[in-house]
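This report concerns only the one structure given below.
To find a chain, count down the sequence lines: A is the first, B the second, and so on, and within it residues start at 1. This one's a predicted model, so the numbers in the text were calculated from it and none came from an experiment.
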Protein chains: 2
Amino acid sequence: MMDTTTFSALAEPTRLRMVEVLKNGPLSVGEIAEQLGLRQPQASKHLRVLLEAGLVEVEAAANRRNYRLRTEPLQALDAWLEAYRKMWNERFDNLDEYLRHLQSKDKE
Amino acid sequence: MMDTTTFSALAEPTRLRMVEVLKNGPLSVGEIAEQLGLRQPQASKHLRVLLEAGLVEVEAAANRRNYRLRTEPLQALDAWLEAYRKMWNERFDNLDEYLRHLQSKDKE
DNA sequence: TTTAAATATTCCTTGACGGGAATATTCTTA
DNA sequence: TAAGAATATTCCCGTCAAGGAATATTTAAA
């Protein structure tokens, strides 16, 4: 069963934006705060949550701390979704079948 | 940009379990409550959140209300993940490339 | 070694969320 | 129409998360 940690972390709009910004590559706290219009302490606090959720990792570089996105939790999410993908594919197949049915009737 | 509603709804363990149980098909409130060991009011309350998040839909059948999983929000999640799938595929490609590199060195 | 920049942490307050218990609502059936 | 089953809602309470402000910590540079 899927753990809710990833969902909780991403349920906060600011943190979701952080993840999206980090998609383009690692950034320092200051850069993240600037891009999102946050005060530095709030940026640090949210990054801490993301860190504890395993969604980011840190690398200290001199004065700065660079945060990089980790894909593992997202891959887990992806795997969790697998079971549900079957659902909508299945439904699409049904629709597809129905459309074929209509079409064959059309020929008559 | 992805909406956080789906994440919020799934961040609650009980609601996540509800979604997973509903994967097998629609269930009434009472059935859901029973399967998850919940009191009926709590089940109704959580189902309301899922309903407002668009993760389930209801169909009234006599005395009962049958809740069915809706895949749209999950499909949106799936689409959102697409951008990140590229990341880990890319990384895998790099590893792959590296292994090929090692192998070609091996031949020397 | 003092100063300054970058980042993390703490304290405080407020608002949202979840559970429990009781009650209201809806629909069926006698 | 009254009674009962299934479900929804309300009220209360405790907890927790998030923002603001201030401060601590770490590291570089003068």
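- No donor-acceptor distance shorter than 3.5 angstrom exists from the side chain of B/Arg70 to the backbone of B/Leu55, with no hydrogens or angles considered.
- Within the structure, ring-ring contact (aromatic ring centres under 6.0 Å, His included) pairs that include any residue of residues 26-57 of chain B do not occur (at least two apart or interchain).
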Notebook entry, point to check: Which is it for A/Val29 and A/Arg64 under the side chain to side chain contact (heavy atoms under 4.5 Å, CB included) test, yes or no, and what are the steps along the way?
Noted result: CA-CA 7 Å; A/Val29 177; A/Arg64 315 269 181 83; over 6 Å; no

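- Less than 4.0 Å separates DNA chain C from at least one heavy atom of each of the following residues of residues 42-55 of chain B: B/Gln42, B/Lys45, B/His46.
- Applying the ring-ring contact (aromatic ring centres under 6.0 Å, His included) test to every pair with at least one member in residues 47-82 of chain B, sequence neighbours left out, gives these pairs: B/Phe7-B/Trp80, B/Trp80-B/Tyr84.
- B/Leu22 has its side chain out of reach of B/Arg68: every pair of non-hydrogen atoms, C-beta onward, lies at least 4.5 Å apart.
- Atom CG of A/Asn66 and atom C1' of C/dA6 are 11 Å apart (whole Å).
- Heavy-atom neighbours of B/Arg85 CZ from other residues, nucleotides or ligands within 6.0 Å: above the threshold of 12.
- Near DNA chain C, meaning a heavy atom under 4.0 Å away, the residues from residues 7-40 of chain A are A/Ser28, A/Val29, A/Gly30, A/Gln40.
- As rounded to whole Å, 5 Å separates atom C1' of C/dC27 from atom CG of B/Asn63.
- The side-chain hydrogen bond (donor to acceptor under 3.5 Å, both in side chains) contacts involving residues 25-35 of chain A comprise A/Ser28-A/Glu31, where partners must be two or more places apart or lie in separate chains.
- Note that the first and last nucleotides of DNA chain D, 5' to 3', having any atom under 4.0 angstrom from a heavy atom of chain B are D/dA5 to D/dT10.
- Between the side chain of B/Arg65 and the backbone N or O of B/Val58, no donor-acceptor pair lies under 3.5 Å.
- Side-chain contact check for A/Leu74 versus A/Asp78: every heavy-atom pair is 4.5 Å or farther apart.
- Counting heavy atoms from C-beta on, the side chains of A/Glu12 and B/Thr4 never come closer than 4.5 Å.
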